[in-house]
Amino acid sequence: DVQLQASGGGLVQAGGSLRLSCAASGFTFEYYAIGWFRQVPGKEREGVACISSSESGSDGRPTYADSVKGRFIISTDNARNTVWLQMNTLKPEDTAVYYCAAGRLCGLATWYYDFWGQGTQVTVSS
């Protein structure tokens, strides 16, 4: 079975950092792009960052939403089938449930992705 396990969320003060991880299993990790999304109640799920797979033929450069550029860093560890999202200089507006997803292409729209994990809550206090 395909599984994506997101973890690492928590409560942090504004200006602080958190690192989320997404552990994948049940599919050939190297052939998929991994994206991070976030969602707050009453709003649509928003793409945060994605990174292409090493075997996809792309250059593997990550893509970021404008709202997180310069603050968040996505990276991948193929040996561990894990993708990290390092979140720095967090703001209260970053508060959301964060999800990871796997798909054939890297993009910030939900329709790029075939598999989704459960979310992890990130709360940034002011």
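For reference, positions follow the sequence shown, starting with 1. Just so you know, these numbers use all the heavy atoms, side chains as well, and skip hydrogens, waters and symmetry mates. Computed from a predicted model, the values in this text were never measured in an experiment.
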Within a strict 4.5 Å, meaning less than it, do heavy atoms of the [X] and [Y] side chains meet?
X: L108; Y: T63; answer: yes
X: W84; Y: I74; answer: no
X: T82; Y: F29; answer: no

* To do: Could you tell me the separation between the CD atom of E30 and the OG1 atom of T76, rounded to the nearest 0.5 Å?
  => 8.5 Å

* How long is the gap from OG1 on T110 to CD on Q39, to the nearest 0.5 Å? ->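 If we round to the nearest 0.5 Å, T110:OG1 and Q39:CD are 9.5 Å apart.
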
* Asked: Would D94 and K91 pass as an ion pair if we require N to O under 4.0 Å?
  ->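 No, no charged N to carboxylate O under 4.0 Å.
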
* Structure fact -> With sequence neighbours left out, the residues meeting side-chain hydrogen bond (donor to acceptor under 3.5 Å, both in side chains) with Y98 are R38

* Would you sort out whether F72 and L85 count as a side chain to side chain contact (heavy atoms under 4.5 Å, CB included), showing the intermediate values? => CA-CA 7 Å; F72 290 12; L85 185 68; 4.2 Å; yes

* **Nonpolar side-chain network containing V97, other nodes, edges under 4.5 Å** => F37, Y99, L105, W111, Y112, Y113, W116

* Would you confirm whether Y32, through its side chain, and S52, through its main-chain N or O, come within 3.5 Å as a donor-acceptor pair? => no

* Asked: Can you check whether S67's main-chain N or O pairs, donor with acceptor, with R71's side chain at less than 3.5 Å?
  -> yes

* If a pair satisfies ring-ring contact (aromatic ring centres under 6.0 Å, His included) and one of its residues is in residues 1-20, list it, with sequence neighbours excluded. =>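 Passing the test, one end in residues 1-20: no pairs.
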
Contacts under 3.5 angstrom, residues 118-126 side chains, donor-acceptor by atom type, not counting sequence neighbours:
from, atom 1, to, atom 2, distance (Å)
Q118, NE2, A6, O, 3.0
T120, OG1, G9, N, 3.1
Q121, NE2, A96, O, 3.4
Q121, NE2, T123, OG1, 3.3

* Please identify each residue that fulfils side-chain contact (heavy atoms from CB on, under 4.5 Å) with A33, with sequence neighbours left out. =>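 For A33, the residues satisfying side-chain contact (heavy atoms from CB on, under 4.5 Å) (neighbours in sequence not counted) are C106.
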
Identify each donor-acceptor pair in which a side-chain atom of residues 11-25 lies under 3.5 Å from a protein atom, sequence neighbours left out, and give them as a table.
from, atom 1, to, atom 2, distance (Å)
S17, OG, N88, OD1, 3.0
S21, OG, S7, OG, 2.9

* Would a hydrophobic clustering, with Ile, Leu, Val, Met, Phe, Trp and Tyr connected at side-chain separations under 4.5 Å, put Y31 with V2? -> yes

